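Below: one structure, written as structure tokens.
Predicted model only: the values in this text are computed from it and were never measured.
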Amino acid sequence: MGAEPFGYCSAGSEKVKMSNDLAGVWEVALSDGVHRIEFEHGTTTGKRVIYVDGKEVLRRDWMFKLVGKETFSVGQSDTKATINIDAVSGFAYEYTLEINGKSLKQYMENRSKVTSTWLLNLDGSDCRVVLEKDTMDVWCNGDKIETAGEFVDDGTETHFTLGEHNCCVKAVSSGKRRDGIIHTLLVDGTEIAECME
């Protein structure tokens, strides 16, 4: 995960100075987008710096305790994230990311059960559409979309528009208890394949 010593990471119009203390990089898919988390750990100075999407969100200099944890927020919904710093042996450290109290792996496995995600290109623009199954909220490229829901013979339909396109998320029973409800995205009547993040 080596960054070039004192390279630069672009963050909008400003440049953020990155040092060679980069210890971990994670990408976390939330409803409002995929967020990049970078963690710098200066093991000689005790420095800890956390960047979310290239923006510095936490900095601690001259920490005498080199192990521990740092908690911060990610995304529009202020999702709780924690980086755990553990000593492995001697001067080697292990860095793990937790989201809402779960390991990143556990969080992503659970997330695939509670959300559906579709990636598509509309009118030359990439769109990431996310359905939150518990609330039936729909997000597109980080913005919550206004929807209208209705009951139909075989389930429910959640209607919304993206640009000039009529979209609908159909929710129908799979007929199998284990599989539960199947959510399908239709754009102008065409089914879009769900993607696994």
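- A search for salt bridge (charged side-chain N to carboxylate O under 4.0 Å, His left out) contacts involving Glu98 returns nothing, not counting sequence neighbours.
- For Glu146, the side-chain contact (heavy atoms from CB on, under 4.5 Å) test picks out no residue, with sequence neighbours left out.
- Residues satisfying the side-chain hydrogen bond (donor to acceptor under 3.5 Å, both in side chains) criterion with Ser116, sequence neighbours excluded, are Glu194.
- Residues that satisfy the salt bridge (charged side-chain N to carboxylate O under 4.0 Å, His left out) test with Arg48, not counting sequence neighbours, are Glu70.
- Scored by the side-chain hydrogen bond (donor to acceptor under 3.5 Å, both in side chains) test, Lys65 finds no partners at all (sequence neighbours excluded).
- Among residues two or more places apart in sequence or in another chain, the ring pair (Phe, Tyr, Trp, His ring centres under 6.0 Å) test is passed with Tyr95 by Phe39, His41.
- Ion pairing between Lys105 and Glu109 holds under the 4.0 Å rule for side-chain N and carboxylate O.
- Considering only residues two or more places apart in sequence or on other chains, Asp61 meets the salt bridge (charged side-chain N to carboxylate O under 4.0 Å, His left out) condition with Arg59.
- When hydrophobic side chains of Ile, Leu, Val, Met, Phe, Trp and Tyr are connected at separations under 4.5 Å, Val138 ends up clustered with Trp118, Leu120, Leu122, Val129, Leu131, Met136, Ile145, Phe160, Leu162, Val169, Leu185, Val187, Ile192.
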Subject >> Steps toward side chain to side chain contact (heavy atoms under 4.5 Å, CB included) verdict (Asp86, Val67) >> reply: CA-CA 5 Å; Asp86 297 300; Val67 296; 5.6 Å; no

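- Listed by chain and number, the residues in a salt bridge (charged side-chain N to carboxylate O under 4.0 Å, His left out) with Glu164 amount to none (sequence neighbours excluded).
- Among residues two or more places apart in sequence or in another chain, the side-chain contact (heavy atoms from CB on, under 4.5 Å) test is passed with Ser89 by Ala92.
- Residues that satisfy the side-chain contact (heavy atoms from CB on, under 4.5 Å) test with Ser173, not counting sequence neighbours, are absent from this structure.
- Applying the side-chain contact (heavy atoms from CB on, under 4.5 Å) test to Glu132 and every residue at least two apart in sequence or in another chain returns Ser31, Thr115, Asp134, Thr135, Asp137, Trp139.
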